[in-house]
Number of protein chains: 2
Amino acid sequence: MNVFINLNLESSDPIYIQLQQQIIEGIAKKQLLPGDALPSVRSLAADIGINLHTVNKAYQQLKQDGFILIHRQKGVVVHPDGVPQADEVYKQELKAKLRPLVADSICRGMSEAEFSQFSKELFQLFNEEEGEKN
Amino acid sequence: MNVFINLNLESSDPIYIQLQQQIIEGIAKKQLLPGDALPSVRSLAADIGINLHTVNKAYQQLKQDGFILIHRQKGVVVHPDGVPQADEVYKQELKAKLRPLVADSICRGMSEAEFSQFSKELFQLFNEEEGEKN
DNA sequence: TATCTGTTATACTACTTATATAACAGATAG
DNA sequence: CTATCTGTTATATAAGTAGTATAACAGATA
C-alpha cells in the first residue's frame, strides 16, 4: 500500500507541504480512494527518510482540511465520506491564490485562453490516470 | 505619484511578497505604465510604515524579474521596454504553481469549467480597470 | 554644502522548518 | 502478561527566513 512520494529536497517548498500535495494528487487521480489506508507516521517517515514529525505535520493539516481521518490507535485513512465539497469560503481562497498568478501572466502578455488551456491540461492530467493502480 | 498599497499584516504572506504583488497588479491594470516612476525605498517604507530593507527586498526581486529598472542615483521606474514576455521556462513554472490548486479543486468536486471561470473573472478584473488613474 | 538616491554591512528578535529523543496511553498479537 | 504497534505530546537543537534598527558609503543634484 505504498504511496509513491517524490520529494525535492532542493525545493523551497517545505517537505511537509510537498508531502501534503502528493497525497492530495493521489486522491485527485483516484489512486487513493475513500477508506484507503495510509502508512503510519513512523513507517512513512522511515520509507522516505525524513522525520516522524514532518510526516505528522502533513497528516495533521490533511486531517484539518478533511482529506483524511485519523483513528487514534487504528491508523490513517482517506476520508470515507470523501473530501468536503468546495464552499464559498474555499472558492474565495482559491481566487485569492489565482490572483497573483493571473496578474503576473497578464504583465507577461499571456492571454486568458492560454492560461485556461493550462488549467484544462492539468485537469486532464489528473482525470486521465483515473483509477490507475501501479 | 503614490502607489496605493494595501498590506495585510495578519497574513502569512511576507510583507515584501505582498508589496511585489501589489506593484505587479498595478502594472497588470496599466495603472503603472512603462517609464512611470516608483517611490524611493525610503519614502515608500515611511509611507506604509515598514522598514527600508523590506521595500528594497521587494524592489530587488521585481528588478530581477524584469518589472522595473533601478538607476543607481536616479530612482526606480517601471521597465520602459515592458515586462519580458512569457517564455517556456515561465510557462512551466506557472503550470507547477497551478498544479496543486487544480488537484485540490478536483478533490473538492470543482469542474474545469468553474475553475476556468475564476481565471476569466480575474483576467477581466485586471483588464476592466485599464488605464484608470485614481 | 546639504540632501536626495540606491547599496552595503552588521546586529538583533521572532518565527518556521526539520531533526532527534523520549515518553505516554490505547489497541492488538503472541 | 508482554511486546509491539498506533497517534500524540513534550523538549531541545540547528538552520534558515522575515523584519527591524542603525549606520555608513558614493554618486547625483539643488
Side-chain angles (χ1 to χ4, degrees), chain A residues 1-3 5-23 32 35-80 100, chain B residues 1-3 5-23 32 35-80 100:
Chain A
M1 277 316 137
N2 252 348
V3 191
I5 300 290
N6 290 320
L7 294 184
N8 177 8
L9 300 180
E10 317 296 313
S11 169
S12 63
D13 288 340
I15 296 176
Y16 76 95
I17 295 285
Q18 294 184 48
L19 196 45
Q20 263 188 82
Q21 290 176 347
Q22 301 251 352
I23 291 170
L32 289 173
D36 279 0
L38 287 168
S40 74
V41 287
R42 284 181 177 83
S43 68
L44 182 51
D47 267 21
I48 58 185
I50 62 173
N51 191 273
L52 163 166
H53 294 104
T54 307
V55 175
N56 194 52
K57 193 165 184 178
Y59 276 4
Q60 286 303 323
Q61 209 157 317
L62 287 168
K63 169 186 165 193
Q64 176 106 21
D65 294 341
F67 287 98
I68 63 176
L69 269 190
I70 306 183
H71 289 88
R72 168 118 197 178
Q73 279 89 12
K74 297 180 182 173
V76 182
V77 296
V78 178
H79 205 302
Chain B
M1 278 317 138
N2 253 348
V3 191
I5 301 290
N6 291 321
L7 293 184
N8 176 8
L9 300 181
E10 317 295 314
S11 168
S12 62
D13 288 340
I15 297 176
Y16 77 94
I17 296 284
Q18 294 184 47
L19 196 44
Q20 263 187 83
Q21 290 176 347
Q22 301 250 354
I23 291 170
L32 290 173
D36 279 1
L38 287 168
S40 74
V41 288
R42 283 182 179 84
S43 67
L44 182 51
D47 267 21
I48 57 185
I50 62 174
N51 190 273
L52 162 166
H53 293 104
T54 307
V55 175
N56 193 52
K57 193 165 181 178
Y59 276 4
Q60 286 302 324
Q61 209 156 319
L62 287 167
K63 170 185 163 193
Q64 176 107 21
D65 293 341
F67 287 98
I68 63 177
L69 269 189
I70 306 183
H71 290 88
R72 168 119 198 180
Q73 280 89 12
K74 297 180 181 172
V76 182
V77 296
V78 179
H79 204 302

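So that the names make sense, note that chain A is the first sequence line, chain B the second, and so on, each numbered from 1. Just the heavy atoms: all of them, side chains too, but no hydrogens, waters or symmetry mates, feed the values below.
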Complement of D:dG27, any strand, by Watson-Crick or G-U distances under 3.5 angstrom:
C:dC4

With a 3.5 Å limit on both atom pairs, tell me what D:dA21 is paired to, counting Watson-Crick and G-U wobble, or say none.
C:dT10

Strictly below 4.0 Å: does [X] bring a side-chain N or O up to OP1 or OP2 of [N]?
X	N	result
A:N56	D:dT8	yes
B:Q60	C:dG6	no
B:S40	C:dT5	yes
A:Y16	C:dT17	yes
B:K57	D:dA18	yes

Roughly, in whole Å, what's the span from [atom1] in [X] to [atom2] in [N]?
X	N	atom1	atom2	answer
A:N51	C:dT16	CG	P	18 Å
A:Y59	D:dT9	OH	P	17 Å
B:I15	D:dA21	CD1	P	11 Å
B:L52	C:dT5	CG	P	10 Å
B:L69	C:dT5	CG	P	18 Å

[X] has a side chain; which of [options] sits nearest to it?
X	options	result
B:I70	D:dT20, C:dG6, C:dA18	C:dG6
B:V41	C:dG6, D:dA18, D:dT9	C:dG6
A:P14	C:dT17, D:dT20, D:dT8	C:dT17

Can you check whether B:F67's main-chain N or O pairs, donor with acceptor, with B:D65's side chain at less than 3.5 Å?
no

Check each of A:D13, A:I50, A:L62, A:T54 against A:L19 using the side chain to side chain contact (heavy atoms under 4.5 Å, CB included) test, and report the only one that passes.
A:I50

Positive for side chain to side chain contact (heavy atoms under 4.5 Å, CB included) with A:I68, one of A:D36, A:V76, A:L32:
A:V76

Looking at the base of D:dA10, is there any donor atom on it, or on the side chain of A:H53, that sits under 3.5 Å from an acceptor on the other one?
yes

Do B:R42 side-chain and C:dT7 base share a donor-acceptor contact under 3.5 Å?
yes

What's the shortest heavy-atom distance between B:P100 and A:Q21, and which atoms?
CB-NE2, 3.6 Å

Minimum heavy-atom separation for A:A58 to A:Q20, with atom names?
O-CG, 3.8 Å

